[in-house]
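Since the model is a prediction, treat every value here as computed from it, not as a measurement.
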Amino acid sequence: MSDAIKHECGIALIRLLKPLEFYKEKYGSAFYGVNKMYLMMEKQHNRGQDGAGFASIKLDTAPGERYISRVRSIAQQPIQDIFAQINERINREFTEHPEYTDDVALQKKNIPYIGEVLLGHVRYGTFGKNSVENVHPFLRQNNWMHRNLIVAGNFNMTNVNELFEGLVKIGQHPKEKADTVTIMEKIGHFLDDAVAKKYKQLKYEGYNKNECSPLIADRLNVAKILKRSAKDWDGGYAIAGLLGHGDSFVLRDPAGIRPAYYYQDDEVVVVASERPVIQTVFNVNFEDVKELTPGHAIITKKSGETSIKKILKPLERKACSFERIYFSRGSDAEIYQERKNLGNLLMPKVLEAINFDTKNTVFSYIPNTAETSFFGMIETVEDHLNKKKTEAIISGNGELSAERVTQILSERPRIEKIAIKDVKLRTFITEDSSRDDLVAHVYDITYGVIKPTDNLVIIDDSIVRGTTLKKSIIKMMERLHPKKIIVVSSAPQIRYPDCYGIDMAKLEDLIAFRAMLELLKENDKYHLVEEVYKKCVEQVQLEDKEVRNFVKELYNQFSAEQISDKIAELICDPSVKTEVKTIFQTIENLHIACPKNLGDWYFTGNYPTVGGNRVVNRAFINFYEGNNKRAY
């Protein structure tokens with residue numbers, strides 16, 4: 001994607017269902033779980049490159065033995081840094097204590113990180129916070145084993161202020177308002193409450209204090225704790241948690257906004273943000289990996305018993321379409337085909353834009369994630385050419401020479417790799433003063449393949465801010481001197497902020513919003529901006545369920561084509577003389593291509609939870625008042 005946007009996180013949970021000796025015997029190492037976690041986190045590296053964390057729990061440890069381990073990193077390569085630390089510690093223990101080498105019991109007792117319950121997390125730093133304290137997993141510690149809570153998630157809550165106030169009302173003193181802390185403290189409160197009630201009940205039944213502990217672990221109802229904790233949550237989330245004694249869970253939001261997949265056999269229970277991660281790491285088939293039902297949790301008790309429990313009533317399914325367009329790895333069988341379909345469905349508009357002149361058109365893509373959509377686009381061009389070839393041959397009535405038939409058959413799409421991304425440069429783009437010149441050099445171009453009579457069609461995943469297009473790509477493409485540049489987006493116009501995990505929080509950052517404002521000015525309709533602002537202000541005191549998205553009224557003044565044409569103007573520096581056109585995916589075709597992921601609020605303003613309208617309302621007020629801050 002030319003405009004890099006960030007996604008919150010990826011999660012990975014592994015629960016080993018056999019004793020560690022089993023994995024040593026079968027796979028050669030009691031660190032089987034740790035090794036698999038490293039692979040799962042690396043395979044989700046695409047979901048977070050700013051920070052990573054790992055936590056593990058050992059089952060059935062004796063009092064006085066450490067049973068929770070955690071390591072987090074914000075190093076330049078955080079996943080590798082974490083496992084280098086783990087590896088260094090393990091090797092040191094083996095060097096100092098050779099007797100541990102073939103004794104799994106001694107390894108488990110004395111070496112950290114080895115355990116039966118493991119949780120991994122990768123993240124992008126958003127909100128300007130990228131200290132190690134902001135890296136998951138978060139840990140809530142207690143001397144009671146059952147009250148220890150480890151939480152990591154891929155989520156964003158729209159109503160964090162209300163959740164914070166709820167904690168204050170029940171007597172807590174949260175250390176900050178961040179939704180991660182708020183969520184953990186909410187679960188922690190009801191976990192404490194449940195443990196206290198179980199303890200009281202067991203005492204009433206005649207058990208002594210020492211006898212209570214294993215019985216609490218057995219009787220604790222994790223589903224009930226989650227139901228009580230999550231009843232007021234509004235957002236998109238896949239939240240994973242470990243309890244100190246060994247229970248684990250992953251809970252998915254009721255609209256299915258954030259993804260979660262799981263696999264279970266007699267050796268392991270595995271949960272991850274993406275299906276192919278599990279397929280690859282555990283060498284299992286596509287159909288063996290299941291999608292976690294929205295509003296449900298997969299819960300594994302200390303005993304190993306695993307169940308899927310309904311925690312919240314599922315809402316209309318609105319799984320994030322950006323997962324399919326951009327964030328998730330394209331190696332998933334369904335996602336790969338969906339991305340090809342996105343490119344396929346764009347071609348009728350593209351062919352119109354080039355007047356069906358494929359002979360004088362070069363097709364290319366913005367590396368690297370637009371590549372699959374590009375394949376789909378080229379397949380459609382080939383279908384178009386095959387139809388033309390067939391008609392030309394048939395119209396020859398069998399009188400064409402072999403040379404002419406060969407000439408007809410030789411026509412094919414002109415495919416070139418025009419943009420070449422120099423990823424190393426991103427690392428050094430920091431303060432605004434040096435950003436522009438560096439952005440301009442993030443991409444190199446291939447010279448010598450475009451003629452002045454050629455159209456250049458280049459496909460991107462989406463156009464968010466248009467910054468890199470304006471400051472780098474369009475300028476560089478013009479150096480090739482094409483007749484026309486057509487920028488194609490496999491996603492529709494991004495018109496509204498996201499509030500469920502993607503780092504798109506400010507309306508004025510979105511080029512579609514800026515294009516709409518320009519059209520309002522040009523058509524003497526800018527007074528509508530103040531009218532919408534007043535409507536938004538009037539909604540501030542309303543409950544979330546009563547808030548409406550009035551920003552839609554501004555977009556409704558213009559057709560999608562008008563906004564696309566204005567975007568084409570905005571992504572061009574005044575020095576650009578070549579004609580530039582933008583073509584965006586339609587909402588209808590997006591849904592055809594990605595039928596299971598109908599979440600499209602960033603394109604349509606149709607938010608799947610009531611808190612979404614609150615966010616867009618606040619975002620518009622911030623824009624109008626000139627408040628340069630996030631809406632959530």
Applying salt bridge (charged side-chain N to carboxylate O under 4.0 Å, His left out), which residue pairs with at least one partner in [range] are found, sequence neighbours left out?
| range | value |
| --- | --- |
| residues 220-231 | Asp193-Arg228 |
| residues 294-307 | Asp60-Lys302, Asp247-Lys301 |
| residues 282-296 | Arg252-Glu291, Glu291-Arg317 |

Contacts of [X] that satisfy side chain to side chain contact (heavy atoms under 4.5 Å, CB included) - sequence neighbours left out:
| X | value |
| --- | --- |
| Pro608 | Ala255, Ile257, Lys318, Tyr500, Trp601 |
| Asn341 | Gln337, Ala593 |
| Glu42 | Tyr38, His45, Ile79, Gln80 |

Short side-chain donor-acceptor distance under 3.5 Å, Ser490 and Gln585: no

Pi-cation contact, Phe286 with Arg275 (under 6.0 Å, within 45°): yes

Answer whether the closest heavy-atom distance between the side chains of [X] and [Y] falls below 4.5 Å.
| X | Y | value |
| --- | --- | --- |
| His591 | Asp600 | yes |
| Ile308 | Tyr262 | yes |
| Arg72 | Phe54 | no |
| Cys9 | Val122 | no |
| Leu191 | Leu243 | yes |
| Leu13 | Leu118 | no |
| Lys186 | Met184 | no |
| Pro294 | Asp253 | no |

Lys309 atom NZ, over 12 foreign heavy atoms within 6.0 Å: no

Flag if over 12 foreign heavy atoms under 6.0 Å of NZ, Lys43: no

Centroid separation Phe603 to Phe322 less than 6.0 Å: yes

Check: Phe513 ring centroid to Phe623 ring centroid under 6.0 Å: yes

Ser489 vs Ser462, side-chain hydrogen bond (donor to acceptor under 3.5 Å, both in side chains): CA-CA, chis, key distance, verdict: CA-CA 5 Å; Ser489 169; Ser462 64; 5.5 Å; no

With sequence neighbours excluded, tell me which residues meet salt bridge (charged side-chain N to carboxylate O under 4.0 Å, His left out) with [X].
| X | answer |
| --- | --- |
| Glu553 | Lys535 |
| Asp509 | none |
| Arg548 | none |
| Glu162 | none |

Closest approach of [X] and [Y], non-hydrogen atoms and distance?
| X | Y | result |
| --- | --- | --- |
| His121 | Gly153 | NE2-O, 2.8 Å |
| Leu292 | Val250 | CD2-O, 3.5 Å |
| Asp50 | Pro78 | C-CG, 4.2 Å |
| Tyr237 | Leu312 | OH-CD1, 3.0 Å |
| Val135 | Phe138 | O-CE1, 3.8 Å |

From CA spacing to verdict: side-chain hydrogen bond (donor to acceptor under 3.5 Å, both in side chains), Asn46, Glu274: CA-CA 11 Å; Asn46 54 299; Glu274 299 188 26; 3.1 Å; yes

side-chain hydrogen bond (donor to acceptor under 3.5 Å, both in side chains) evaluation trace for Asp234 with Thr609: CA-CA 7 Å; Asp234 187 285; Thr609 74; 2.6 Å; yes

Contacts of type ring-ring contact (aromatic ring centres under 6.0 Å, His included), residue Phe190, not counting sequence neighbours: none

With sequence neighbours excluded, residues passing ring-ring contact (aromatic ring centres under 6.0 Å, His included) with Phe249: none

What distance separates [X] [atom1] from [Y] [atom2], expressed to the nearest 0.5 Å?
| X | Y | atom1 | atom2 | answer |
| --- | --- | --- | --- | --- |
| Tyr496 | Asn613 | OH | CG | 10.0 Å |
| Ile587 | Leu598 | CD1 | CG | 11.0 Å |
| Leu590 | Thr604 | CG | OG1 | 9.5 Å |
| Ser273 | Asn154 | OG | CG | 5.0 Å |

Candidate pair Asn617 and Gln539, rule side-chain hydrogen bond (donor to acceptor under 3.5 Å, both in side chains), full reasoning: CA-CA 8 Å; Asn617 198 61; Gln539 296 188 109; 2.8 Å; yes

Val117/Leu59 under side chain to side chain contact (heavy atoms under 4.5 Å, CB included): CA gap, chis, key distance, verdict: CA-CA 8 Å; Val117 196; Leu59 302 181; 4.0 Å; yes

Ring geometry between His245 and His146 (parallel below 30°, tilted from 30 to 60°, perpendicular above 60°): tilted

Parallel, tilted or perpendicular: rings of Phe155 and His136 (30°, 60°): tilted

CA sep, side-chain torsions, deciding dist, call: Phe31, Tyr113, ring pair (Phe, Tyr, Trp, His ring centres under 6.0 Å): CA-CA 9 Å; Phe31 290 90; Tyr113 309 116; 9.1 Å; no

Salt bridge (charged side-chain N to carboxylate O under 4.0 Å, His left out) assessment of Arg614 paired with Glu546: CA-CA 9 Å; Arg614 166 75 65 196; Glu546 297 173 350; over 6 Å; no

Test item: Tyr555 side-chain N/O and Arg495 main-chain N/O as donor-acceptor pair under 3.5 Å: yes

Full working for salt bridge (charged side-chain N to carboxylate O under 4.0 Å, His left out) between Arg140 and Glu185: CA-CA 8 Å; Arg140 189 178 193 263; Glu185 291 301 336; 2.9 Å; yes

Salt bridge (Lys or Arg N to Asp or Glu O under 4.0 Å), paired with Glu334, selected from Lys596, Lys340, Arg339: Lys596

